[in-house]
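Here is the structure we will look at, set down as structure tokens.
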Amino acid sequence: MGCPNQQSEVVAASRDTEDCSCTPPRSSSAFMVNSEIGAVLAVMRRNVRWGFHYTTDEDQLDHPLIKSFKEIRKKIFSWQHQWHTINPVVYLQPFLDVIRSDETSAPITGVALSSIYKFLTLEVLDLNTINIADALRLIVDAVTSCRFEVTDPASEEVVLMKILQVLLACMKNKASVNLSNQHVCNIVNTCFQIVHQASSKGELLQRTARHTMHELIRCIFMHLPDVCNNNQDFTQGGRSHLADEVSIPDHDHISSSKTQDNGYAGSKIELSSGGFSLSTEMPEVKMDHETTGESGQNKINLVAEPYGVPCMVEIFNFLCSLLNAVEHVGVGPRSNSLTYDEDVPLFAFGLINSAIELSGPSLGHHPELLALVQNDLFHSLMQFGLSPSPLILSTVCSIVLNIYHLMRVKFKLQLEAFFLCVLMKIAINKHGSSYQQQEVAMETLVDLCRQPGFIHEIYANYDCDISCSNLFEDLANLLSKSTIPVNGPLSAMHVLALEGLIAIISSMAESIADSDQTPVLEPNASNLGSHELFWDVKCESYENPKCWVPYIHKMKQVKKKLTIAVDHFNQDPNKGFQSLQGMCLLPEMLDPLSVACFLRYTRGLDKNLVGDYLGNHDRFCVDVLQEFAKTFDFQEMNLDTALRVFLETFRLPGESQKIQRVVEAFAERYYEQSPDILANKDAALLLSYSLIMLNTDQHNAQVKKKMTEDDFIRNNRRINGGNDLPREYLSELYHSICENEIRMVPEQSVGLPVMTHDNWVGLIHKSRHTAPFIICGSGERINEEMFAILSGPTVAALSVILDPVDQEDVLQTCIDGFLNIAKIAACYHLDEVLDGLLVSLSKFTRLFVPMSIEESVLTFGNDLKARKSTLAVFTVANMYGDYIRSGWRNILDCILSLHNLGLLPARLARDAADDLESNSEPDSGRSPLISPVKPALPPARKSSGLMGRFSEFLYYDTEKPAPQPSEEEVEARKRAMETVKDCHIDSMFTESKFLQSESLLNLSRALILASHEDENGAVFCLELLIAVSLNNRDRIMLLWENVYEHIASIVQSAVMPSTLVEKAVFGLIRICRRLLPYKEDLTDNLLKSLQLILKLDARVADAYCEHITREIMRLVKANAGQIKSHTGWRTITSLLSITARHPEASEPGFETLEFIMLNGTYLLPANFVLCVNAARQFSESRVGDVARSVKSLDLMAGSAVCLVKWSSEAVEEEPETAVQVHKDIGEMWVRLVQGLRKVCVDSREEIRNHAVLMLQRCLTGLDGIHLEDDLWLQCFDSVIFPLLNDLLEIVEERSAKEYRNMEGTLVLSLKLLSKAFLHLLPRISRLASFSKVWVSVLSSMDRYTKVKFRGKRSEKIIELVPETLKNTLLVMKSTGILSPNSSDDLWEQTWLHVKTLAPLVQSEVFPDDEPQTTATNGGS
């Protein structure tokens, strides 16, 4: 028996290898069918059972199976010309009978299956075949009901493989669109049954079965985009009912199930009514067709009509049920090993991934399928994502990536939960994950970052949504931290995180327009109104960027404010509400709805505090609780689900009364929306309490005896308006609570959230009402805000990882990242980012490592990282120089290093009009702008004099000619020179005329700062500075001050002639000569340049200082009336101020100043402050005698006359002009009294006391000046009170020898205080801050009375204070300022201080009010 069977299998196998790629002509179909009939009959005749009928019993009739083949054979050739009219069922039926027959052996069944496979693949049966629908359905029915005798394991596996082939061929046939939903489900059931049975078979069958299952799923779901809309009406009720029929097997039972030795279920593989009779516990895909009535008829139609969405829903539900079969096996945060077989979830996830890939976006267009993915599938993805298997995690991540790509608009909250609770948690190793898991999670994050628009979409949809987390910010921090190696070498994980950062930066850089000015909306362009409720803010259109960009900017600002308010709330709820009111997020008068919405929709609130607040007995809190409950939508929710959703938002308080109030609010809301089963809200309340008690009973470890289902049902009798609730209803509630605990205590997770069952239920509920997902497109409108978050961590991460890296690809990745950051920063004018980037990049040029010149050139030429970093530095400088500020210094440091190494060209920079004259410099010939440095060879030794010759003699034997550079050094220098050439350093200076003004100014400052290294570098930088100045002659005023000050500093610091001083002096002369013809307003600057002479070193210029000063004096006396500008006078007064401390030049300098200031002859508003400051310099100078300092103070005080004069003249001006003049006069007066105040602390007694008197004169003797009241207050705050404090500090801290007779100065200062206060009393008494000033006056007097000189208090001050205080109080009394009827607390504050200073003064000033005051004080 075995031999024929084996031969038959060989025949069948050889027939399967026939080329089936070509479609035969119709006329040959009859021959093909005839051939297959012959093949089946031949195999049947080899079998003893079938052959016996022909050899021993001629009278017996043929077996019906054989007879049917012969009948077809008689007619087959008569059909070949009208083949298209022949019903295929006629010639298929014998083959199908063989397949169904339980009398046929495996080889016979296999050949019959091969014949059917041939008909399907060679398109004997195609879409145009008559009655093709019935034919295909009959084939499916027959194959899924296949029966055969098992003779040996090998033939059994062959038949199973052929069953898989035929079923797959049915689905791949173009006519498969005619299959019904039930037939497609039967095909999937059969294939899955074989997959399950193959676990105990050979490896080939296992792989083939799984492959076929994948192919089937692909064929079925590939059809989804083409499904007609008429076939999409499949109700939720139908799906739910069908889903109930899917039985989930016990995993251990599946793994341990074995087949009988003689075959399948009595030696037959039998599939009937859509399922295998062998393993009834296996999950199945079933279409419900056993219902009656109108709805039942609709379901029957769905089962029978061409397949579409209904079967796909059931198949997808079936695939999800495979995941549910292993959910009970400890997949969670504490699973550290593979405690379950990963084969089933991997297989299921693979099928699901295929279905999603082939369905495409169409999957989201069908509510039934969408609901399965949103809830069932994603919940499983969340659970299995935390499994310890990297394979499962990888498959889960692939599915999520596909879902994001195809249907992200439908999965906003699910994607957020997966990113936070799975990917990021694993990536940062908060889950105890293995390195492989972390790598898979990081790869997924990086893949997501590479998706176009991903980063912009997560920022717009999550970081700018008040109900979502800051996902983009968290991702940026995660990637940047993961990039940095900590206590270890660079690993693949670090490189992977780096790729993620670069992907984000590249995506942002690509979204930037090529134009110089990218439209950027201000983040606060749209502000919330004072009464606008942030939770009700909606976007007019989530598709139009003109609408959603301002919307997300607004919501981001709200979210930032809410973050602050949440911190306040979590410390003190009342402070949180006050903070919200201050930020206009809650109305000034709190209302229950606003507070309820804040508690309901704001993330990060302490759930304990929320629960306590909602349970509070205060009437307002009760109203808030009612409004809080109304924010929930409990429609179509079971009671336990609604309770989970409700309690997920806060922690139920511990007090029974608070619990009662909270549960009552919940029950009332639930009954209002779901009144179908419950009779009244009392029933909802009682049942809710019962569920809470059941939850405690079942999940509290201290409860030993658990409540049974009968106990629970018994406890809830007659609560529904006196009647019982349905037992099934209560049973469902019981099991739901037992299986999934209601979390009464919030999860305490640090950093990333934990996704519990209740959290998931709340998320699904929340997803119904969340804002739509925004598709951002390019995202250039929100790049700036994102870049502000990303730039700092990214630059830091790139800097850290670039340091140890040696791989060229990683190195280039880092450099590209830096350049992209520079591009974005320049686009949005973020100069600080560019500067920081240059600081980081310049460190890797290795140009600052202290080595010899030869070693430095060799190292630079051989170091790829150094060369690439240098090229990147100058690329940034040339491309984005407009937005570089302090970074110029780093660039110039690199240039100086290259200059010192001799790698720069001879003429690095040229000015625009390069017309140097040969006689412009004293040395013969024409010196180049930039002199080349030749550091490669050491200078030749020269001998001069006897010692030189002796030295030459000593070193004669040791000196050798300079060695020739090696080939390696030559090549290194060549590479270094090529790198420098590619840097285009000269363009930075020749094209500086195109730089923006601020950048140009910073470049000049950097050149000045870089000049302080050595003389060679200083000369080099000075030449560059002069070149830049000449290239920017139209903007010379922008540079002139810095250029001049730099040259002046060089000249001033010179102690002997040098190249640097030569370049500075003649460079300045050259600039003046070249620019004066173009600028008529350089007179003031030329005057300022005269300061150069005085800034020479004393040993060089001391002999000429007095003479130069006298020349300045004569210049002023002759031209004082012509000098009008503030700049010109600043030059003059600066020169005069410098002479104040010069022994010889101070006298003519003071004489010049006295000429200007005496009687206000040449004082102008343009030079008033300058002259006052110069006079103060002379008054503080110790060079001359005291009389000159006194004269200087007199000049300062006398200048106030000019202020009175100008104030009276301003009355005749226009009102606007007069206002400005008075304002300027006020400022000048403030500067005058401030200058006098500084002299009042001089260590010389005469000068100090005279300054106090002059200050008093300026404060009390200028009645003609119109000053604003605020200036008088400013006078007290910035002049009088600081002066009193300074003098007191001198007495307490300084030596009496250094400051002599300070007692007299303190007395004068107290008199100044009193007189100034009385003088200004009518003006300042009207001000709101008068009380503060008055209290400060009293406090100052009190402090002065306590000061001690040589251990004793000053009698003069003690006598002066009461007298002064009494006079002041009398004036205040007479003017009505101080009286017992004062509306503020001035009266009490006054006597509170006076009682300490002079207890008897009150009775002297207010004798009649003493009893009242005493009573008042006693009461207080």
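Owing to the predicted nature of the structure, the values given are computational and were not obtained by experimental measurement.
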Quiz item: Minimum heavy-atom separation for Leu1312 to Gln1256, with atom names?
Solution: CD1-N, 3.6 Å
Quiz item: Looking at side-chain heavy atoms only, is the closest gap between Ser1329 and Leu1273 below 4.5 Å?
Solution: yes
Quiz item: What closest approach, in Å, do Leu1039 and Ser1029 show between heavy atoms, and which atom pair accounts for it?
Solution: CD1-CA, 4.0 Å
Self-check item: Residue pair Ser1192 / Ala1175: nearest heavy atoms and the distance that separates them
Solution: CB-O, 3.4 Å
Quiz item: Which heavy-atom pair separates Ser1340 from Leu1313 by the least distance, and what is that distance?
Solution: CB-CD2, 4.2 Å
Exercise. For side chain to side chain contact (heavy atoms under 4.5 Å, CB included), just list the numbers for Ser1199 and Phe1168, CA-CA rounded to whole Å, side-chain angles, deciding distance to a tenth of an Å, and then say yes or no.
Key: CA-CA 8 Å; Ser1199 64; Phe1168 182 86; 3.6 Å; yes
Quiz item: Got a second to check how far Thr1152's OG1 is from Met1157's CE, nearest 0.5 Å?
Solution: 13.0 Å
Quiz item: If you take all heavy atoms of Ser992 and Val1028, which pair is closest and at what distance?
Solution: OG-CG1, 4.0 Å
Quiz prompt | Validation row: Met1196, Met1254 side chains within 4.5 angstrom (heavy atoms) | solution = no
Practice problem: Please say whether more than 12 non-hydrogen atoms of neighbouring residues, nucleotides or ligands are located less than 6.0 Å from CD in Glu1147. | Solution: no
Quiz prompt | Side-chain donor or acceptor of Asn1167 paired with backbone N/O of Leu1170 under 3.5 Å | solution = no
Exercise. Measure the shortest side-chain to side-chain distance between Leu1022 and Ile1047 over non-hydrogen atoms and say whether it is less than 4.5 angstrom.
Key: yes
Practice problem: Identify the residue among Leu1195, Thr1139, Val1183 that makes a side-chain contact (heavy atoms from CB on, under 4.5 Å) with Phe1178. | Solution: Thr1139
Quiz item: When rounded to the nearest 0.5 angstrom, what is the spacing between NE2 in His1319 and OG in Ser1314?
Solution: 13.0 Å
Quiz item: Step by step, would you call Arg885 with Leu834 a side chain to side chain contact (heavy atoms under 4.5 Å, CB included)?
Solution: CA-CA 8 Å; Arg885 301 295 180 259; Leu834 269 178; over 6 Å; no
Self-check item: Spatial distance of atom CG (Leu1232) from atom CG (Leu1255) [nearest 0.5 Å]
Solution: 8.5 Å
Practice problem: Flag the pair Glu1245 / Tyr1299 as yes when at least one side-chain heavy-atom distance between them is below 4.5 Å, and no otherwise. | Solution: no
Quiz item: Is it true that Glu1180 and Arg1176 have a side-chain N and a carboxylate O under 4.0 angstrom from each other?
Solution: yes
Self-check item: Donor-acceptor contact below 3.5 Å, side chain Asn1173 vs main chain Arg1231
Solution: no
Quiz item: Going by heavy atoms in the side chains, are Leu1320 and Thr1260 under 4.5 Å from each other?
Solution: no
Quiz item: Can you tell me if Ser1189 uses its side chain to pair, donor with acceptor, with the backbone of Ser1179 under 3.5 Å?
Solution: yes
Quiz item: When rounded to the nearest 0.5 angstrom, what distance separates NZ in Lys1191 from CG in Leu1193?
Solution: 13.0 Å
Practice problem: Verify, without hydrogens or angle tests, whether Ser1011 (side chain) and Leu1007 (backbone) share a donor-acceptor contact under 3.5 angstrom. | Solution: yes
Quiz item: Should we count CZ of Arg1182 as having more than 12 external heavy atoms under 6.0 Å?
Solution: yes
Practice problem: For the pair Asp882 (side chain) and Gln996 (backbone), establish whether a donor and an acceptor sit closer than 3.5 Å, ignoring hydrogens and angles. | Solution: yes
Exercise. Could you tell me which non-hydrogen atom of Leu896 sits nearest to which non-hydrogen atom of Ala1010, and how far apart they are?
Key: CD1-O, 3.6 Å
Quiz prompt | Under 3.5 Å donor-acceptor, Ser1137 side chain and Thr1133 backbone | solution = yes
Practice problem: Could you tell me whether Asp1286 and Arg1237 have a side-chain N and a carboxylate O separated by less than 4.0 Å? | Solution: yes
Practice problem: State, without any angle test, whether Trp888 and Ser1004 hold a side-chain donor-acceptor pair at a distance under 3.5 Å. | Solution: no
Quiz item: How far apart are the C-alpha atoms of Leu1287 and Thr1305, what are their side-chain angles, what is the distance that settles it, and do they pass the side chain to side chain contact (heavy atoms under 4.5 Å, CB included) test?
Solution: CA-CA 8 Å; Leu1287 291 174; Thr1305 305; 3.9 Å; yes
Quiz prompt | Centroid separation Trp1229 to Trp1272 less than 6.0 Å | solution = yes
Quiz prompt | Plane angle bin for Phe1317 and Trp1334 - parallel if under 30°, tilted between 30 and 60°, otherwise perpendicular | solution = parallel
Exercise. Please determine if Lys1356 and Glu1303 form a salt bridge, counting it only when a charged side-chain N lies under 4.0 Å from a carboxylate O.
Key: no
Quiz item: Taking atom CD of Glu1015 as the centre, does the number of heavy atoms from other residues, nucleotides or ligands within less than 6.0 Å exceed 12?
Solution: yes
Quiz item: Looking at Asn1002, Leu1009, Leu838, Asp835, which hits side-chain contact (heavy atoms from CB on, under 4.5 Å) with Ser886?
Solution: Asp835
Quiz item: Quick one: does Leu1271's side chain get under 4.5 Å of Val1230's, heavy atoms only?
Solution: yes
Quiz item: Does the Arg1248 side chain pair with the main chain of Asp1242, one donor and one acceptor, at a distance under 3.5 Å?
Solution: yes
Practice problem: Carefully, step by step, assess Leu1038 and Asn1032 under the rule side chain to side chain contact (heavy atoms under 4.5 Å, CB included). | Solution: CA-CA 9 Å; Leu1038 178 68; Asn1032 290 274; over 6 Å; no
Quiz item: Under 3.5 Å, is there a donor-acceptor pair linking the side chains of Ser1181 and Arg1141?
Solution: no
Exercise. To the nearest 0.5 angstrom, please state how far the CD atom of Glu1298 sits from the CZ atom of Arg1244.
Key: 12.5 Å
Practice problem: Scan side-chain atoms only and decide if Arg1343 and Asn1285 contain a donor-acceptor pair under the 3.5 Å cut-off. | Solution: yes
Self-check item: Pairwise distance CG(Leu1306) to NZ(Lys1311) - rounded to 0.5 angstrom
Solution: 12.5 Å
Self-check item: Student check: side-chain heavy atoms of Leu1284 and Leu1288 closer than 4.5 Å
Solution: no
Quiz item: Is the shortest heavy-atom distance from the side chain of Val1333 to the side chain of Phe1281 under 4.5 Å?
Solution: yes
Quiz item: Does a donor on one side chain sit under 3.5 Å from an acceptor on the other, for Ser1243 and Arg1294?
Solution: no
